[in-house]
Amino acid sequence: MRRVVIPAALFAAVFLVSLLCMPYSLVCQEYEGLFLATPDWWARAWQQTLPVSGIVSDFLIQFYRVPAFGALITAVLITLAFLLCRGISGRFTSFSDAVAALAAALLWVFVAHSSSPKSAVFAVLVLLVLFLLSLLISGSRKQRHSPSGCLSPKSFGTLKGNAVANSVAASVLFAALFIIAAAAVIVFSPRVQRTERFSRVKADAIYGVWDDLLKTVPPAVAEKDGELTPFALLALSGKGQLGDRMFSYPVAEENDLDMVAYDGKEDYYTSLLFKACLYQFLGCYNEAIHNYYQWSTQLPQGTGFVVLRRLAELYCLQGNYTLMEKYCRILDKSLLNGAYVRHFRKLASQGAAQEPTPAAERSTMAVISHDPLYNLFLLESAGFSSAMSTDRMLCTLILKKDFVRFKRAMKVLEPAMERIPRHYQEMMLFTGMDSGKIDAAVKGRYASFLTDRLEMTLDQALYRYEGSAFPYLGY
Amino acid sequence: MDKLRLLLLLSLLACNRISYTASEEYPPIVPDCVGVTVPEGMPPMTFEMADGRPFKVERRRVADTVFYSVSAWNPATGKGERYAPFPVYVSHDPIDPYIAYRLIEPSYEGWKEMGLYSRDLGSYREKAIVTNDATGGGCVNCHTFRGGNPSDMLFHARGAGGGTVFALEGKARIINLATVGPRKQGVYPAWHPDGRYIVFSSNSTQQCFPIAGSQQVEVYDNYSDLILMDWQTDSVYVWPPLCEETRFETFPAWNADGSRLYYCVADSVSNVVENRSRVRYRLASVGFADGFFTGEPETVWQNDTVSVSFPRISGKWLLFTGAAYGTFPIWHREADLYLMDLEDGSVVPASELNSPDTESYHSWSSNGRWVVFSSRRLDGRYTRLFIAHFDGEGRFGKPFLLPQKSYAHNVQRLKSYNVPEFVLGEPASRRREVSKLFAQ
């Protein structure tokens with residue numbers, strides 16, 4: 001019974017913890033992974049360190065797009081490791097369950113903290129070899145000690161008696177403890193939680209699932225993990241609520257909105273993905289493609305499934321069906337992207353192909369800069385104007401405390417606004433603009449803020465005027 | 001699924017149960033191999049039907065022409081279709097047995113993996129000369145072989161501890177040109193035919209990214225000069241007329257006997273990005289003798305609508321890339337190759353080589369009878385290599401795509417080919433030497 005119960009419990013624990021606590025971590029492994037039946041992919045795969053485990057794990061990662069499959073594969077790998085380890089240690093000790101559970105638990109914790117099942121695959125392969133070796137060794141020993149090649153269970157029981165039964169029970173108990181401990185370590189690990197949260201944010205940002213993103217990154221979470229703030233603000237932009245809710249997040253500088261300070265720094269990787277998502281939803285596909293390419297160079301294999309899918313989609317949206325088809329054909333060399341490929345091809349069959357831009361027009365085409373505000377102005381003037389770009393532009397001016405340009409922009413934009421978002425109203429009051437569309441409540445709070453500012457510290461103002469632009473603008 | 005269809009088709013064809021309609025047209029295939037000229041010993045052309053249908057191909061050689069007969073299933077008629085056999089002409093002009101090139105993701109500023117590779121033209125075999133794992137991930141670029149000799153090469157290896165790697169006469173060493181002489185970085189090299197001198201351009205290269213339109217990257221120089229290196233003494237010299245502040249000098253190339261240096265030059269402009277349409281390079285040259293430039297630089301060719309880059313000379317023929325403006329034609333869809341007769345100064349578009357998409361870097365074979373050039377005609381983004389025959393009289397044959405085991409390889413490869421150069425033999429791997437140089 002115990003031979004089944006412990007592995008079953010381990011399997012169930014790994015499956016449930018993986019599925020419930022780290023589904024997006026698994027999904028993102030598929031996003032950033034790659035397995036293609038192409039000559040270049042195989043050539044590269046054989047050149048990596050530990051190529052067999054690498055290839056097997058790259059193959060398995062394809063299935064991680066469905067978190068249940070990812071959890072299942074992880075559970076199978078860890079349970080296999082347990083069974084093999086028990087098979088090996090059982091030849092040397094009656095504590096085999098405990099030893100195997102300890103090894104499997106450590107492996108599980110390690111795998112949960114890494115971003116690939118490669119270590120689990122490697123461990124299973126090594127244990128398999130050791131298990132086969134142990135079979136060979138014990139086989140030859142048995143032949144030496146017993147002419148029949150069998151050890152009598154009866155004599156074994158007589159020799160060891162109750163001591164064996166006790167040690168087996170202790171072993172089972174320890175095994176259960178190890179599994180519970182590993183599960184607890186993973187569930188409560190800040191690193192696992194952070195990876196899961198960030199993976200969820202990435203997945204939501206790539207596909208524009210704004211409500212879920214905001215649920216994942218409420219202001220309290222952003223307070224602790226500043227890197228997530230720009231993504232939360234991107235979600236607010238996507239929902240058209242940036243002008244109302246930006247200061248409900250811990251915004252202290254322009255970088256919290258656009259990640260510009262991360263360019264070329266350690267977190268380059270994140271800011272590239274952020275910019276890819278930002279420009280994608282701003283409709284500036286050239287810049288989105290630029291940043292997806294750049295982001296992909298940071299991925300373990302130089303590109304990943306999600307990049308190939310996004311490039312196919314973005315080129316499709318641009319009307320560049322030749323390149324879209326290229327990426328479709330590459331995705332077709334994987335196992336599970338057929339539905340995407342059919343979807344893109346269907347879109348292409350319904351669209352109109354882009355005409356190449358003439359040289360004269362290209363030579364004067366405005367170019368993207370490293371200044372997000374400049375880029376937003378550019379988008380406005382180059383026909384990419386949208387509520388999202390306008391919102392971000394005005395919020396950037398607020399964050400820059402650029403009263404002059406904000407006033408100038410609002411003079412143009414305000415007449416067309418049915419309702420002025422809250423932070424614009426607050427900035428307008430600071431610039432001395434007046435409008436019938438400014439709420440009386442906002443005006444009242446502004447008046448009290450002017451009084452309070454004389455005797456309040458910034459922290460006090462932030463507390464009293466939580467969610468308002470006043471403390472940011474007034475200090 | 002395609003394989004299943006192909007198997008089905010082949011089995012039906014084998015049983016002769018398919019009735020054929022004979023077509024007088026050539027098959028609609030990609031890449032276009034109809035009527036191309038190939039060297040003797042080149043692997044067979046590989047292609048596929050443009051619409052992806054499975055097909056069967058038979059080859060038959062008649063004298064110096066190989067006829068490819070293609071049969072394919074036509075779902076519209078429900079019958080097999082046998083297309084007119086198309087010719088591939090075989091030239092007896094020998095071709096250098098190897099080409100060397102760089103493979104890199106066409107990915108703007110960053111990269112993951114890149115490397116210099118050689119390809120045996122008699123087979124499909126590709127081998128790495130050096131990849132950037134030997135340089136700590138830094139860029140490797142601008143390789144060139146002294147007189148096409150595979151043992152003597154140089155290339156740049158960027159990054160910490162980087163510089164120009166000279167693998168010459170069995171010894172590899174690295175020199176950071178920016179730390180010697182005039183302290184200018186070396187970029188595009190041109191090896192003098194006598195093997196002692198190398199002219200490098202020294203460019204401050206930047207990129208910008210148009211907000212819309214089909215061109216997604218523009219690469220430009222903020223300044224560029226030419227410098228001369230004597231690799232026997234490791235000295236680097238500048239000659240003021242080739243380092244004018246008011247001009248961008250770049251893309252050096254020697255004529256056959258090394259008596260003249262050809263290069264591209266443009267008047268400098270302020271704010272290059274905004275004024276990029278005004279940066280138009282012309283072809284210039286200057287004399288050279290005994291390690292010194294002689295005479296005054298003179299303009300060889302200029303045109304108000306063509307910006308010249310990559311002049312490459314074989315005998316009296318100079319092949320260059322012409323774009324509407326700027327210095328980096330690979331991102332210019334209008335970029336084409338042009339052929340200049342240095343004896344009479346005439347310039348004509350190399351129409352046989354050009355396509356509606358980009359043609360850019362090119363290189364002559366050692367006997368001047370073949371040209372390898374890069375083009376983006378397949379998909380507009382990933383550069384692929386094409387080879388064309390040259391008859392020595394100013395006429396090119398129809399170019400063919402560098403053959404792979406299957407055409408699909410060109411589609412599936414996620415890297416671009418850069419700087420194709422012919423080589424007279426197989427270049428050795430430089431990985432270990434370069435790793436050692438970087439470890440020091």
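Contact annotation for B:Asn410: only backbone heavy atoms (N, CA, C, O) come within less than 4.5 Å of a heavy atom of chain A. In this structure, chain A has a heavy atom under 4.5 Å from the side chain of B:Glu113, while its backbone stays farther away. Of the atoms belonging to A:Ser369, not a single heavy atom falls under 4.5 Å from chain B. Of the two parts of A:Tyr292, neither the backbone nor the side chain holds a non-hydrogen atom closer than 4.5 Å to a non-hydrogen atom of chain B. Proximity to chain B is limited to the side chain of A:Tyr327, based on heavy atoms less than 4.5 angstrom apart. Looking at B:Ala212, both its backbone and its side chain come within 4.5 Å of chain A, counting heavy atoms on both sides. In this structure, no portion of B:Ala323 lies under 4.5 Å from any heavy atom of chain A. Neither the backbone nor the side chain of A:Tyr321 comes within contact range of chain B; no heavy atoms are under 4.5 Å apart. Only the backbone of A:Leu299 comes within less than 4.5 Å of a heavy atom in chain B; its side chain stays farther off. In this structure, no portion of A:Glu325 lies under 4.5 Å from any heavy atom of chain B.
Contact count against chain A (heavy-atom pairs under 4.5 Å) is highest for B:Glu48 among B:Arg278, B:Gln404, B:Lys405, B:Glu48. Annotation: maximal heavy-atom pairing with chain B below 4.5 Å, among A:Pro300, A:Ala43, A:Ala360, occurs at A:Pro300. Annotation: maximal heavy-atom pairing with chain B below 4.5 Å, among A:Pro356, A:Ala359, A:Ser363, occurs at A:Ser363. Considering only heavy-atom pairs separated by less than 4.5 Å from chain A, the leading option among B:Ala408, B:Ser277, B:Ser406, B:Gly326 is B:Ser277. Among A:Gly383, A:Pro358, A:Pro39, the residue with the largest count of heavy-atom pairs under 4.5 Å with chain B is A:Pro39. Per-residue heavy-atom pair counts under 4.5 Å with chain A were compared for B:Ala324, B:Gly380, B:Cys208, B:Pro210, and the maximum is reached by B:Pro210. Interface remark: of the candidates A:Glu361, A:Arg329, A:Lys326, A:Glu355, A:Lys326 forms the most heavy-atom pairs closer than 4.5 Å to chain B.
Although no hydrogens or angles enter the test, the distance criterion places no donor-acceptor pair under 3.5 Å between the side chain of A:Asp40 and the main chain of B:Gln412. Judged purely by atom type and a 3.5 angstrom limit, B:Arg276 uses its side chain to pair as donor or acceptor with the backbone of A:Arg362. Judged by distance alone, with hydrogens and angles left aside, the side-chain atoms of A:Thr322 form no donor-acceptor pair with the main-chain N or O of B:Asp379 at under 3.5 Å.
For the pair A:Leu308/B:Leu414, a side-chain contact is recorded, criterion being any heavy-atom separation below 4.5 Å from C-beta on. For the pair B:Phe209/A:Glu287, a side-chain contact is recorded, criterion being any heavy-atom separation below 4.5 Å from C-beta on.
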(Q) Pair B:Glu218, A:Val367 - check side-chain contact (heavy atoms from CB on, under 4.5 Å), show working. (A) CA-CA 9 Å; B:Glu218 179 70 86; A:Val367 298; 5.9 Å; no

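Here the straight-line distance linking atom CD1 of A:Ile368 with atom CD of B:Gln207 works out to 14.0 Å at 0.5 Å rounding. A distance of 9.5 Å separates OG1 of A:Thr303 from NZ of B:Lys415, quoted to the nearest 0.5 Å. Note: B:Asn275 CG to A:Thr364 OG1 = 11.5 Å, rounded to the nearest 0.5 Å.
Of all the heavy atoms in A:Gln354 and B:Ser214, the pair that sits closest is NE2-CB, 3.9 Å.
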